[in-house]
Each structure stands twice: as C-alpha cells, then as structure tokens.
Amino acid sequence: MANLSQQKRQRMLEFLQTIREEHKDDDDVLIALGEIESELNAKKYGLVWEQHEEAVDLQMRANIPVFTECTDKEITADAGNSYNFILEGDNLHSLRLLEKTHSGRIDFIYIDPPYNTGNKDFIYDDTYVSADDGYFHSKWLSFMAKRLLSAKSLLSDEGIILISIDDTEYANLKLLCDEIFSERNFMGTFIWKSRQVVDSRNRTHISNDHEYILAYSQNIDLASLLGKEVSKDKYSNPDNDPRGIWMSNSILGLANAE
C-alpha cells in the first residue's frame, strides 16, 4: 500500500533541493530551507505539540539552584535513624538538583500534577492557563515533558512512576509517557472512584465518578508491584493446547479478593 504522506513529503524535499540550487549563494535562504527540511523530516507519528519555554528555564541558564537547609524546620525523632526530607520550591529546580544527587537511585515516584481542567489549577509562568488559551494543551505538555524526563533520570532500573490524571489530559499524557518511558514499559492504568455523589454541574450531563493513575516502569523486565501470587488451581489443559493451561468462563470474569 502506497504511503501517500511519504510521497508528498518526498516531492516537497525535491522541490526544496531545486530552490537550494537556485539560491546556493544566499546564506539566509539556505538556513531557512534547512529549517523547513528539518520540519519535513521530523517524526510523523505520535504526539506533536508546540514547544514552550518557561521562565524557570531562562532562570536556570544563568543561575544554579542550590539546597538550603532550614534547621528550624527539622523534625527529629531519632538522630541515629535514617530520615526523609522535604524540598520546598519550584519543582523543576528541585528535580534538577535531585538529578545531581539521586540519579538512577529512586525506586518509586508518585506525582499528582495539575490536570489542566481550566479550574484555575494550572499555573504556567505565574499565570493561570484558561481553557480558551489557544496553547492550552501544548503549554501543559511542555510543562510535563521537562518534569517527566527529569523523573525518568531519577528512576532506578527497577523503578516505577505513578501519575494521577483525569479525562482532560489522559490521552495526551499516555502518548507523552509512551515517548519518554517507552510504550513497552507501560504497566497499566489504575481507575479509582473519585466521587461519591452525582456531579450535576457537568455541562455534558455525564457524571464522571472516576480518575486514573498511569503506571510506567524504567524497565518492565525488572519492575514489579506488590501483589498476590496467582492461583492456577482452576486452570487445566485437557486438550493439550500448546499455549498452556486455560479455563473456560464468562468473559465477565469471576474476579474476587482470593
């Protein structure tokens, strides 16, 4: 089957080469043609969004964040035991610092990022991003991509990250995480009941009572979550199926806590 997009792209690249030959002495034109060519050859499948730069990115070009210990906030039960610590400040600053001290050493990360619902829960460059912002989703993705890339560098080989999300950005976050952590390392989606009463405010008249937690591993072959050992008592292989033991049952399943 012909790849029409590829054929169209090839025609455009050939035309660019023709223009390049006609303007081979014009550096500005050659630079512009090079940029166009790069865009044409860019990835054609997956999540694509407008890249945005945050104020924190500009700050870190000329400034290096450092940890400052606040001894007056110290909570010590037993000075001889190991302890945890709390980092207060911009989360990207903190992640960049942790990369220097804990790279590849974190076994478990849970994050509860802004869901970008338009209810004044997503602040970008000290400004609330409203739902009518034309870059509503791409600003959120730019925000998340930098932080998830940093989180990935912190995970150990057996590390796992869980990310809370709702319907607003679930699809985008899934694709973003597939790129950053690899689709192969997707462990699954937890669905949790987040509402006990009917939401009558929803303009669609659909009362969503659940949200999601995406689970990704650094290496699916090494990662595992605590669970119960699988019981195979109900399985057999009376017909010698080469795929192994099986059980005939309703597709609705009979899952229980046992």
Side-chain angles (χ1 to χ4, degrees), residues 1-7 9-10 41-49 102-113 115 137 141 144-145 147-196 198 204 206-258:
M1 184 179 294
N3 186 331
L4 299 180
S5 295
Q6 186 179 41
Q7 292 176 1
R9 185 162 58 252
Q10 186 58 39
N41 286 321
K43 182 184 65 173
K44 299 305 174 187
Y45 174 79
L47 188 62
V48 179
W49 73 91
H102 289 71
S103 180
R105 299 172 61 186
I106 306 298
D107 292 328
F108 185 85
I109 296 175
Y110 168 73
I111 62 173
D112 186 16
Y115 291 179
H137 294 289
L141 286 167
M144 290 298 298
R147 288 154 178 82
L148 289 176
L149 283 167
S150 187
K152 176 177 170 56
S153 73
L154 294 174
L155 285 177
S156 65
D157 291 339
E158 300 84 14
I160 294 171
I161 183 170
L162 301 184
I163 311 165
S164 284
I165 198 68
D166 71 358
D167 285 334
T168 308
E169 297 288 3
Y170 173 84
N172 289 330
L173 180 62
K174 174 64 170 62
L175 288 173
L176 179 63
C177 287
D178 283 348
E179 288 190 9
I180 292 176
F181 298 99
S182 170
E183 186 174 1
R184 179 179 181 275
N185 290 320
F186 173 58
M187 300 184 73
T189 299
F190 295 96
I191 301 175
W192 66 280
K193 188 175 179 64
S194 59
R195 180 183 296 279
Q196 294 294 336
V198 174
T204 65
I206 298 175
S207 179
N208 290 329
D209 65 352
H210 64 275
E211 293 183 9
Y212 313 94
I213 300 177
L214 283 170
Y216 279 83
S217 62
Q218 183 79 294
N219 185 333
I220 196 69
D221 297 323
L222 302 176
S224 64
L225 289 169
L226 181 63
K228 295 185 178 180
E229 185 176 352
V230 176
S231 172
K232 297 181 180 179
D233 295 341
K234 299 178 182 179
Y235 295 81
S236 62
N237 194 358
D239 58 351
N240 296 317
D241 191 310
R243 292 171 294 182
I245 59 175
W246 55 276
M247 178 178 68
S248 177
N249 209 335
S250 166
I251 62 172
L252 297 178
L254 296 174
N256 53 41
E258 296 180 1

Spatial distance of atom [atom1] ([X]) from atom [atom2] ([Y]) [nearest 0.5 Å]:
{"X": "Leu141", "Y": "Glu169", "atom1": "CG", "atom2": "CD", "result": "6.0 Å"}
{"X": "Ile160", "Y": "Glu158", "atom1": "CD1", "atom2": "CD", "result": "9.5 Å"}
{"X": "Ile180", "Y": "Met144", "atom1": "CD1", "atom2": "CE", "result": "8.0 Å"}
{"X": "Asp178", "Y": "Arg184", "atom1": "CG", "atom2": "CZ", "result": "13.5 Å"}
{"X": "Met247", "Y": "Asp233", "atom1": "CE", "atom2": "CG", "result": "11.0 Å"}
{"X": "Tyr212", "Y": "Ile163", "atom1": "OH", "atom2": "CD1", "result": "15.0 Å"}

Distance-minimising heavy-atom pair for [X] and [Y]:
{"X": "Ala215", "Y": "Phe186", "value": "O-CD1, 3.6 Å"}
{"X": "Cys177", "Y": "Leu148", "value": "SG-CD1, 4.0 Å"}
{"X": "Asp157", "Y": "Asn219", "value": "O-CB, 3.5 Å"}
{"X": "His137", "Y": "Asn172", "value": "ND1-ND2, 3.7 Å"}
{"X": "Ser164", "Y": "Ile213", "value": "OG-CG1, 3.8 Å"}
{"X": "Lys193", "Y": "Asp209", "value": "NZ-OD2, 2.9 Å"}

Practice prompt. Could you give me the CA-CA distance, side-chain angles and deciding distance for Tyr216 and Ser182, then say whether side-chain hydrogen bond (donor to acceptor under 3.5 Å, both in side chains) is met?
Written response: CA-CA 9 Å; Tyr216 279 83; Ser182 170; over 6 Å; no

Worksheet entry | Expected output: side-chain Gln218 to main-chain Leu155 donor-acceptor under 3.5 Å |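 The answer is yes, because a donor-acceptor pair under 3.5 Å joins these two groups.
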
Practice prompt. State whether the side chain of Ser217 and the backbone N or O of Asn185 hold a donor-acceptor pair below 3.5 Å, judged by distance alone.
Written response: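 Checking the backbone N and O of Asn185 against the side chain of Ser217, a donor-acceptor pair under 3.5 Å is found.
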
Worksheet entry | Passing option when Leu214 is tested against Thr189, Leu162, Ile161 for side chain to side chain contact (heavy atoms under 4.5 Å, CB included) |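 Of the listed residues Thr189, Leu162, Ile161, the side chain to side chain contact (heavy atoms under 4.5 Å, CB included) partner of Leu214 is Thr189.
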
